[in-house]
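Worksheet for the structure shown next.
To find a chain, count down the sequence lines: A is the first, B the second, and so on, and within it residues start at 1. Note that the structure is a prediction, hence the values are computed from the model and not measured.
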Number of protein chains: 2
Amino acid sequence: MSAKLLTLKNKLQKRGARSERSGKAVVTPEAILETLRRRIAGQEIPPGAKLREQDLAAEFGVPRTRIREVFGTLESRGLIERIPHRGAVVTRLDMELVFKLYDVREVLEGLCARLATENVPSESWQDLVDHYNAPMANFLKDGDFDAYVDGYDWLRQRTIAAAGNPIAAQMLDSIYERTSFVIRRIIILPGRAEAGLEQHRAVLAAMRRGDGAEAERLKRLNMRSAKEALNKFRNYVL
Amino acid sequence: MSAKLLTLKNKLQKRGARSERSGKAVVTPEAILETLRRRIAGQEIPPGAKLREQDLAAEFGVPRTRIREVFGTLESRGLIERIPHRGAVVTRLDMELVFKLYDVREVLEGLCARLATENVPSESWQDLVDHYNAPMANFLKDGDFDAYVDGYDWLRQRTIAAAGNPIAAQMLDSIYERTSFVIRRIIILPGRAEAGLEQHRAVLAAMRRGDGAEAERLKRLNMRSAKEALNKFRNYVL
DNA sequence: GAACACAATATTGTTGACATATTTGGCGCC
DNA sequence: GGCGCCAAATATGTCAACAATATTGTGTTC
């Protein structure tokens, strides 16, 4: 029996080896999904806008069925809403839902901060500590928000990667793609980036000294602070 | 090996059972999705088993395209894995992934406990407090695990409903449908249900007196305790 | 000129047929 | 008897035509 299994395994490996598919540039569903995700996240397609299957099928040069399939995924992630026989529209975010997304984000990012601290040697955070020391402050002073946001993304992605929890990572991803434009608007609120920077430093300090529980607590405080800023300026953000 | 046996079984079933479409009863994708979810969650379809589109299409009396659509959703929820040209198999859970699911579950249930406490009048928990006082203890004493599990589900669903956060609710749902069989096995571990009951009472007491922060803290402790039990008896659970 | 009914158009939903890849079964060979 | 190769069978992937429904446009009536 085991010999038989071995034979089968070899055969599979042999087959799988020659996977060179040439010619005919096919547009994969993943590529379409990614493109639409980016457009919706960047508000290139505004909330409430209708997505026509035919137009998208023509644009990507694929049959309508493929677009339909992608719509299914987009719907399950909450990025679009589908009404039977009436098509798909980009989900409209109201303030209430944004707060609920932030409540979930708070606990998930807190979790990731703790797990990250526990999983990797504390020295590995030194480069981020350094970056958040002088450079990030200078970005703010110079009004270079793009560089600041890059530094923010860097910290976030490193933390999630170090946490090593694909479940949490995927959930956070689905939150980011729904709120990325909100995040960008919060950062430019008066005084918010400065306060946030100070909080990030505190979180990083806790991570640097290997205190996972404190990193989680501080990260959650940071998220609550962001939520409060959002609430204070709600009329300017949404 | 077991997959092979299952294949044979399905083939036989296909021969024997006629489609038998009664009239024009249309089966919605949602119904199919729900059925498959339940089968996978209840391990009626065991992990690693292959799902054949044709068989399912014949069983539900729908075109294969519909099954395909449902597979897309199932895949995005992590319940199945699809390999190009080789079909869909039920995701196999290893211990590592279960722990990661529990880490996320811990923070999300903690969040819901807090939100629930903050959102509804504290008196509204009295019926659950009463139920967890004597009846639940009796269920355990009598070995009536079904009744105990029902009480457990009741508390959980009430908490999530009161929390009023559809994002967290959906995420927790996707965790439950992947770990429901683990939950059932943890409960019958020696001494686990008794310890759990005590912890649930503590959480409920905090909710009853309107202390959301404490409810969250206790709920998280409860989850960690469950995770420890799971770790201790890992060889018996998975 | 506004409101309604009804046809024309456009868009979404459904289906079976066809194309491609993989698994299975059989044959000759060592 | 085991191993590898080739063909048949089976399963999955793709597609474009057809059906059902919603939206738009038009003409008529009050």
Side-chain angles (χ1 to χ4, degrees), chain A residues 1-33 36 48-75 80-90, chain B residues 1-15 19 21 24-33 36 48-75 80-90:
Chain A
M1 186 69 79
S2 61
K4 199 172 185 178
L5 280 175
L6 199 74
T7 306
L8 203 76
K9 197 176 152 196
N10 285 337
K11 198 180 284 186
L12 285 175
Q13 282 184 334
K14 217 178 195 174
R15 287 276 168 100
R18 56 166 181 82
S19 57
E20 285 298 319
R21 16 188 353 175
S22 53
K24 209 179 175 186
V26 288
V27 182
T28 66
E30 287 79 21
I32 301 172
L33 182 71
L36 291 181
K50 194 177 173 187
L51 295 170
R52 261 185 295 285
E53 296 178 356
Q54 285 191 136
D55 294 357
L56 294 170
E59 181 190 337
F60 292 106
V62 297
R64 217 156 45 86
T65 324
R66 192 95 34 107
I67 302 296
R68 214 135 217 296
E69 188 186 336
V70 172
F71 276 13
T73 308
L74 250 32
E75 187 188 24
I80 66 172
E81 286 170 12
R82 298 176 84 177
I83 309 156
H85 294 106
R86 294 189 56 180
V89 295
V90 178
Chain B
M1 184 125 72
S2 59
K4 199 170 183 179
L5 282 174
L6 196 78
T7 306
L8 208 77
K9 197 175 148 197
N10 283 340
K11 199 180 287 188
L12 289 174
Q13 281 185 334
K14 191 180 167 187
R15 286 279 167 86
S19 307
R21 2 180 350 155
K24 294 180 183 180
V26 282
V27 183
T28 66
E30 288 78 20
I32 300 172
L33 182 71
L36 290 181
K50 195 176 171 187
L51 295 170
R52 259 189 249 53
E53 297 177 356
Q54 287 192 129
D55 292 359
L56 293 170
E59 180 189 338
F60 291 106
V62 297
R64 218 155 45 87
T65 323
R66 191 94 34 107
I67 301 297
R68 214 137 217 297
E69 189 187 336
V70 173
F71 275 14
T73 308
L74 249 33
E75 187 187 23
I80 66 172
E81 285 170 14
R82 297 176 84 178
I83 309 157
H85 296 288
R86 294 188 56 180
V89 297
V90 177

Considering all heavy atoms of both residues, which atom of A/Gly72 and which atom of A/Arg82 are nearest to each other, and what is their separation? N-NH1, 3.6 Å
With a non-hydrogen cut-off below 4.0 angstrom, is B/Leu51 in contact with a base, only sugar-phosphate, or nothing? sugar-phosphate
Contact class for A/Arg52 vs. all strands (heavy atom < 4.0 Å): base, sugar-phosphate, or nothing? sugar-phosphate
How long is the straight-line distance from CG of A/Leu33 back to CZ of A/Arg66, given to the nearest 0.5 Å? 13.0 Å
Of the nucleotides C/dT14, C/dT12, D/dA16, which one has an atom closest to the side chain of B/Arg66? C/dT14
What pairs of nitrogen or oxygen atoms, one from the protein and one from nucleotides 22-25 of chain D, lie under 3.5 Å apart?
unit_1: D/dT23; atom_1: OP1; unit_2: A/Arg86; atom_2: NE; d: 2.7
unit_1: D/dT23; atom_1: OP1; unit_2: A/Arg86; atom_2: NH2; d: 3.0

Length of the line joining B/Arg64:CZ and D/dT10:C1', which is rounded to integer Å: 11 Å
Here the gap from A/Glu69 atom CD to A/Leu74 atom CG, rounded to the nearest 0.5 Å, amounts to 12.0 Å
Find the distance B/Glu53:CD to D/dT14:P and express it as a whole number of Å. 11 Å
Only one of B/Val62, B/Ile67, B/Ile32 passes side chain to side chain contact (heavy atoms under 4.5 Å, CB included) with B/Leu56; say which it is. B/Ile67
How many Å lie between CG on B/Leu56 and C1' on D/dT12, as a whole number? 13 Å
What is the separation between atom CZ on B/Arg82 and atom C1' on C/dA21, rounded to the nearest whole Å? 15 Å
Rounded distance (nearest 0.5 Å) linking atom NZ of B/Lys50 with atom CD1 of B/Ile80: 12.5 Å
